[in-house]
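Written below as structure tokens is the structure these notes are about.
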There are 2 protein chains.
Amino acid sequence: MITKNTSAPAVDATLRAWGLRLTRQRRIILEVVHATDAHPTAAFVYRRVRRRLPRVSLATVYRNLRRLAAEGFLAERADPSGVRFDGNTAPHDHFTCVACGRIYDVPTRATRGVRARIAVRSGFEVLNHRVEFYGRCGACRRQGGRSPVKGQRRS
Amino acid sequence: MITKNTSAPAVDATLRAWGLRLTRQRRIILEVVHATDAHPTAAFVYRRVRRRLPRVSLATVYRNLRRLAAEGFLAERADPSGVRFDGNTAPHDHFTCVACGRIYDVPTRATRGVRARIAVRSGFEVLNHRVEFYGRCGACRRQGGRSPVKGQRRS
DNA sequence: TTTGTTGTTGATAATGATTACTAAAAATAC
DNA sequence: GTATTTTTAGTAATCATTATCAACAACAAA
Ligand SMILES: [Mn+2]
Ligand SMILES: [Mn+2]
Ligand SMILES: [Zn+2]
Ligand SMILES: [Zn+2]
């Protein structure tokens with residue numbers, strides 16, 4: 001599934017505003033992450049970027065993913081399957097299928113109010129929160145009752 | 001902060017029921033995790049266990065943490081700071097202080113109902129869910145307005 | 001208790017993911 | 001254009017975790 005491609009000029013301007021140079025590799029890395037909703041790993045992004053830049057270095061991919069995440073152009077999340085990147089920087093939750101390993105976006109609407117409810121207790125100042133659901137996606141439920149897979153390949 | 005020490009005989013019985021032998025190292029590893037609420041890393045557990053078993057191997061600590069987690073004697077969680085273990089196997093959420101890195105338990109009461117709300121949509125069968133809060137704990141708020149630390153040492 | 005079987009351990013090598021390093025190349029400023 | 005500054009590619013190094021395996025310890029049958 002492909003999401004809308006980020007408009008290059010707009011991204012360029014924002015990158016510049018943050019003092020980031022516009023290198024071919026940086027732009028393509030960002031485009032690759034924005035062009036998928038698969039919550040890709042660094043290795044996945046590397047494979048995709050190499051289609052367009054066969055000589056790109058894995059280190060360059062890591063370097064830029066980390067930096068672009070730090071600057072807010074994409075999101076970085078760690079879960080049991082490792083570190084993944086998300087071009088969708090709007091607030092949303094996730095559903096991970098324990099059978100196929102796919103990670104689906106879930107509108108935050110369902111969990112709105114969670115933060116407010118916790119904020120009042122214990123003197124914690126809550127700046128952010130994350131909700132993760134685990135279960136079986138529609139496709140996997142239809143395909144029969146196989147039990148959850150243990151070793152999920154990281155794509 | 002120390003939580004109640006697991007009663008050795010009871011644990012012994014349960015371990016046996018699961019076909020796990022009662023080795024000195026296995027029991028002490030479990031005790032160490034149950035004796036702290038710091039959500040320790042494997043390295044932290046290793047250091048603690050060595051106080052009582054100076055010749056224990058790091059591999060033994062990993063092996064048993066993973067197995068004890070798989071059998072349900074403790075919980076394993078992955079987050080941006082890495083893999084951590086939790087002796088508290090009751091359902092509960094977590095608050096991570098972005099200033100000091102400490103992870104606090106949060107009663108699930110505050111987020112009850114979250115799962116039910118999501119279960120109805122998209123054909124997902126929700127088996128489990130996790131809520132993570134991020135912010136500043138009471139201690140860190142008092143200590144002044146330093147901005148969140150980036151590199152948190154893993155204890 | 002002795003003995004036999006089988007699971008577990010300690011030591012260390014291997015792996016996989018990520019980061020550090022650095023000379024060369026590219027982007028930007030003048 | 002030339003000068004200045006960043007970034008890159010390639011690769012070595014690091015870090016967390018897992019695999020391997022001979023020696024050992026737990027358990028149970030005798
Ligand atoms: Mn997402
Ligand atoms: Mn906990
Ligand atoms: Zn699925
Ligand atoms: Zn704190």
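Remember, predicted model here, so these are calculated numbers, not experimental data. Chain A is the first sequence line, chain B the second, and so forth, proteins listed ahead of strands; every chain is numbered from 1.
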- To the nearest angstrom, how far is A/Tyr46 atom OH from D/dT11 atom P? 11 Å

- Determine, for B/Arg77 against B/Asp79, whether the closest basic-nitrogen to carboxylate-oxygen distance falls under 4.0 angstrom. yes

- Query: Strictly under 6.0 Å, is that where the ring centroids of A/Phe124 and B/Phe133 end up?
  - Reply: no

- Query: What integer distance in Å separates A/Phe85:CZ from C/dA17:P?
  - Reply: 13 Å

- Decide side chain to side chain contact (heavy atoms under 4.5 Å, CB included) for A/Leu20 and A/Phe73; before the verdict, give the C-alpha distance in whole Å, the side-chain angles of both, and the deciding distance to 0.1 Å. CA-CA 11 Å; A/Leu20 292 186; A/Phe73 295 101; 4.1 Å; yes

- ring-ring contact (aromatic ring centres under 6.0 Å, His included) partners for A/His94, two or more places apart: A/His39, A/His92

- Note on the structure: In short, A/Cys137 meets A/Tyr104 closest at the heavy-atom pair SG-OH, 3.2 Å

- Item | Interatomic distance, A/Leu58 CG vs D/dA13 C1' [rounded to whole Å] | 14 Å

- Check ion pair A/Glu125-B/Arg136 (N to O, under 4.0 angstrom): yes

- Given A/Arg48, A/Arg52, A/Arg26, the one that forms side-chain hydrogen bond (donor to acceptor under 3.5 Å, both in side chains) with A/Glu31: A/Arg52

- Please give, in whole Å, the distance from D/dA25 C1' to B/Arg27 CZ? 14 Å

- CG of B/Leu65 versus P of D/dT17: gap in Å, rounded? 10 Å

- Can you tell me the distance, in whole Å, between the CD atom of B/Glu76 and the P atom of D/dA16? 16 Å

- Note on the structure: In short, the helix from C/dT1-D/dA30 to C/dC30-D/dG1 is bent end to end, axes from five pairs each side, to 10°, by 30°

- Item | Euclidean distance, atom OH of residue B/Tyr62 to atom P of D/dA19 [Å, nearest integer] | 13 Å

- Query: If you take all heavy atoms of A/Val61 and A/Val56, which pair is closest and at what distance?
  - Reply: CG2-CG2, 4.4 Å

Under 3.5 Å, which N/O atoms of the protein pair with N/O atoms of nucleotides 6-9 of chain D?
residue, atom, partner, partner atom, Å
D/dT6, O4', A/Arg21, NE, 3.3
D/dT6, O4', A/Arg21, NH1, 3.0
D/dT6, O4', A/Arg21, NH2, 3.2
D/dT7, OP1, A/Arg26, NH1, 3.3
D/dT7, OP2, A/Arg67, NH1, 3.3
D/dT8, OP1, A/Thr23, OG1, 2.8
D/dT8, OP1, A/Asn64, ND2, 3.4
D/dT8, OP2, A/Arg63, NH1, 2.8
D/dT8, OP2, A/Asn64, ND2, 3.3
D/dT8, O3', A/Gln25, NE2, 2.8
D/dA9, OP1, A/Gln25, NE2, 3.2
D/dA9, OP2, A/Ser57, N, 3.1
D/dA9, OP2, A/Thr60, OG1, 2.6
D/dA9, N7, A/Arg63, NH2, 3.4

- Task: Take the protein atom CZ of A/Arg66 and the nucleotide atom P of C/dT18, then report the distance between them rounded to whole Å.
- Result: 6 Å

- Message: With a 4.5 Å cut-off on side-chain heavy-atom distances among I, L, V, M, F, W and Y, is there a chain of contacts connecting A/Ile103 to A/Phe44?
- Response: no

